[in-house]
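Take a look at the structure set out below.
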Amino acid sequence: MADSPNNTTHEHPSLEHYWMPFTANRQFKASPRLLAQADGMYYTDINGNKVLDSTAGLWCCNAGHGRREISEAVSKQIREMDYAPSFQMGHPLAFELAERLTELSPEGLNKVFFTNSGSESVDTALKMALCYHRANGQASRTRFIGRELGYHGVGFGGISVGGLSNNRKAFSGQLLQGVDHLPHTLDIQNSAFSRGLPSLGAEKAEVLEQLVTLHGAENIAAVIVEPMSGSAGVILPPQGYLKRLREITQKHGILLIFDEVITAFGRVGAAFASQRWGVIPDIITTAKAINNGAIPMGAVFVQDFIHDTCMQGPTELIEFFHGYTYSGHPVAAAAALATLSIYENEQLFERSFELERYFEDAVHSLKGLPNVIDIRNTGLVAGFQLAPNSQGVGKRGYSVFEHCFHQGTLVRATGDIIAISPPLIVEKHQIDQIVNSLSDAIRAVG
């Protein structure tokens with residue numbers, strides 16, 4: 001692990017000019033939380049205070065912060081070659097990384113397309129589905145099916161198949177046509193405080209058959225779901241649910257896309273949620289932990305038959321009119337290769353699985369605290385659902401988040417849900433510290 005952070009302070013910058021993403025800007029700027037350094041399991045804020053990171057940054061830093069192996073790989077690569085185009089050109093690291101990634105991926109997903117974010121990975125996957133069906137002589141398959149409470153990034157495609165109302169409503173007039181949604185799988189009434197995957201609710205997958213009857217299988221391109229809905233507050237698939245989605249999509253020739261931007265690279269106790277829960281989709285989207293959040297990067301994993309079907313026509317013609325200036329960026333690829341070596345050498349995916357039971361017992365110890373109405377967990381991720389207070393939805397969750405931060409622990413608040421997803425290097429005593437901080441905050445907020 002990296003050395004302890006320096007307890008240094010930094011000059012306070014002007015906050016006027018930066019329009020922050022997914023942030024209540026006026027609220028933040030009235031009481032800013034500025035992080036200046038990161039090392040191991042800890043951030044250090046601008047005033048020199050250590051903050052235990054229970055969020056892996058933003059689901060990104062699975063190997064912890066300040067990993068010298070990554071920074072040295074980045075430094076070496078940026079000296080050798082800072083940038084190379086990826087249109088009709090290439091560089092060795094992108095090909096090497098694609099090969100390394102497919103050594104981890106589920107069986108059959110042996111082709112990799114590089115992006116720069118989860119949002120780009122999702123839009124890429126949707127385009128791939130359309131490309132495949134057109135090349136396969138089924139151009140009428142253009143409809144997508146997402147899921148309520150799903151989060152698939154902020155591109156117009158991702159918002160369209162996503163199911164978070166706040167992300168959709170301001171842009172509703174410009175979203176993709178021909179999109180439907182499955183019901184979400186959150187069932188607090190019948191499955192509150194489940195440990196691991198809930199035992200009830202697999203039948204919700206049957207709604208897909210109804211949508212097939214409504215729209216016609218010949219018009220449906222793909223179904224996209226997160227195996228675990230992360231941004232909506234750690235919503236887990238009921239036992240057998242993902243398997244049933246796979247059966248229905250295969251029956252009707254519909255592609256199944258798993259959005260694993262959050263779950264890939266060890267979060268749920270395996271390299272991919274697909275492997276942990278034994279369901280292999282046709283396409284997997286990733287980003288975040290692919291290179292420990294060091295440099296923006298994402299990757300889309302594709303079944304061989306999809307790639308091969310698209311490789312048609314004269315060899316001198318572009319098969320897939322899509323890509324990004326920074327696809328397979330050499331410095332991002334160097335960071336990813338170093339990150340994959342850390343995951344392998346320190347067996348962090350296995351560690352996530354081995355710590356799951358201890359983590360589960362720790363988070364469920366908060367059952368019975370005031371206003372805690374559900375706790376959900378798998379691997380090294382947990383969600384705590386709080387009852388809203390009289391001031392409105394999200395007020396209690398934000399107060400808990402703020403209290404934890406000022407006491408030296410970073411958690412994530414989504415409305416009245418608190419999520420924790422510590423780096424996979426977390427030690428048991430740090431799990432205890434995170435849970436104790438949450439307990440104190442929940443009691444203090446009331």
Side-chain angles (χ1 to χ4, degrees), residues 85-88 90 94 98 101-102 105 108-147 150-163 167-168 171 174-181 215 217-226 249 252-261 264 274 281-288 290 296-314 317-329:
S86 57
F87 301 170
Q88 304 287 17
L101 288 169
T102 59
S105 63
L109 285 96
N110 296 315
K111 300 296 187 293
V112 179
F113 191 102
F114 289 114
T115 69
N116 309 291
S117 67
S119 294
E120 291 183 0
S121 290
V122 167
D123 279 13
T124 298
L126 299 179
K127 285 185 175 182
M128 284 177 169
L130 297 177
C131 178
Y132 164 74
H133 288 302
R134 180 175 291 276
N136 201 35
Q138 298 185 38
S140 66
R141 288 185 180 264
T142 59
R143 179 173 287 274
F144 295 113
I145 297 173
R147 188 169 60 188
Y151 177 71
H152 301 293
V154 296
F156 277 104
I159 296 173
S160 299
V161 295
N167 290 6
R168 293 170 55 86
F171 313 106
Q174 285 72 42
L175 299 184
L176 299 182
Q177 301 301 303
V179 176
D180 217 325
H181 291 78
H215 299 298
E218 70 277 10
N219 296 314
I220 301 175
V223 172
I224 180 169
V225 296
E226 299 164 277
T249 52
H252 295 291
I254 300 167
L255 297 182
L256 179 60
I257 303 170
F258 277 1
D259 185 343
E260 294 218 37
V261 170
S274 169
D282 301 302
I283 301 175
I284 292 177
T285 64
T286 67
K288 293 190 183 292
I290 189 171
M297 190 177 214
V300 182
F301 294 75
V302 187
Q303 287 272 4
D304 291 335
F305 75 86
I306 295 174
H307 169 272
D308 295 347
T309 299
C310 293
M311 296 295 117
Q312 297 187 14
L317 296 184
I318 296 171
E319 300 93 357
F320 185 40
F321 278 84
H322 176 71
Y324 304 99
T325 300
Y326 301 114
S327 290
H329 192 286

Self-check item: Gap separating the CG atom of N136 from the CD atom of Q312, nearest 0.5 angstrom
Solution: 8.0 Å
Quiz item: Would R141 and I254 satisfy side chain to side chain contact (heavy atoms under 4.5 Å, CB included), going step by step from the backbone distance to the final call?
Solution: CA-CA 9 Å; R141 288 185 180 264; I254 300 167; 3.6 Å; yes
Quiz item: Roughly how far apart are I224 CD1 and L255 CG, rounded to 0.5 Å?
Solution: 11.5 Å
Exercise. Output yes when a side-chain donor or acceptor of S119 lies under 3.5 Å from a complementary backbone atom of V154, and no otherwise.
Key: yes
Self-check item: Minimum side-chain heavy-atom gap F258-V225 below 4.5 Å
Solution: yes
Exercise. With side chain to side chain contact (heavy atoms under 4.5 Å, CB included) as the test, would you mind laying out the steps for E260 and F301 before giving the verdict?
Key: CA-CA 10 Å; E260 294 218 37; F301 294 75; over 6 Å; no
Quiz item: Under the 3.5 angstrom rule, does the side chain of Q174 hit a backbone N or O of F156 as a donor-acceptor pair?
Solution: no
Self-check item: Aromatic ring proximity Y132/F305, centre distance under 6.0 Å
Solution: yes
Self-check item: Separation of L109 CG from L101 CG (nearest 0.5 Å)
Solution: 12.0 Å
Quiz item: Is a side-chain donor or acceptor of R147 paired with a backbone partner of V223 at a separation under 3.5 angstrom?
Solution: no
Quiz item: Do we see a donor-acceptor contact under 3.5 Å between the side chains of D259 and T285?
Solution: yes
Practice problem: Taking the side chain as every heavy atom from C-beta outward, state whether I284 and S105 have any atom pair closer than 4.5 Å. | Solution: no
Quiz item: In Å and rounded to the nearest 0.5 Å, what is the CD1 to CD1 distance from I145 to I257?
Solution: 11.0 Å
Self-check item: S117 side, atom OG; M297 side, atom CE - distance, nearest 0.5 Å
Solution: 12.0 Å
Quiz prompt | Distance, nearest 0.5 Å, that separates CG of D123 from NE2 of H152 | solution = 11.5 Å
Quiz item: Less than 4.5 Å apart, any side-chain heavy atom of I220 and any of H252?
Solution: no
Quiz item: Do any N or O atoms from the side chain of R168 and from the backbone of S160 form a donor-acceptor pair under 3.5 angstrom?
Solution: yes
Practice problem: Would you check, one step at a time, whether the test side chain to side chain contact (heavy atoms under 4.5 Å, CB included) holds for I318 with Q88? | Solution: CA-CA 9 Å; I318 296 171; Q88 304 287 17; 4.2 Å; yes
Quiz item: Quick check: does any side chain N or O of H181 sit under 3.5 Å from a backbone N or O of V161, one acting as donor and the other as acceptor?
Solution: yes
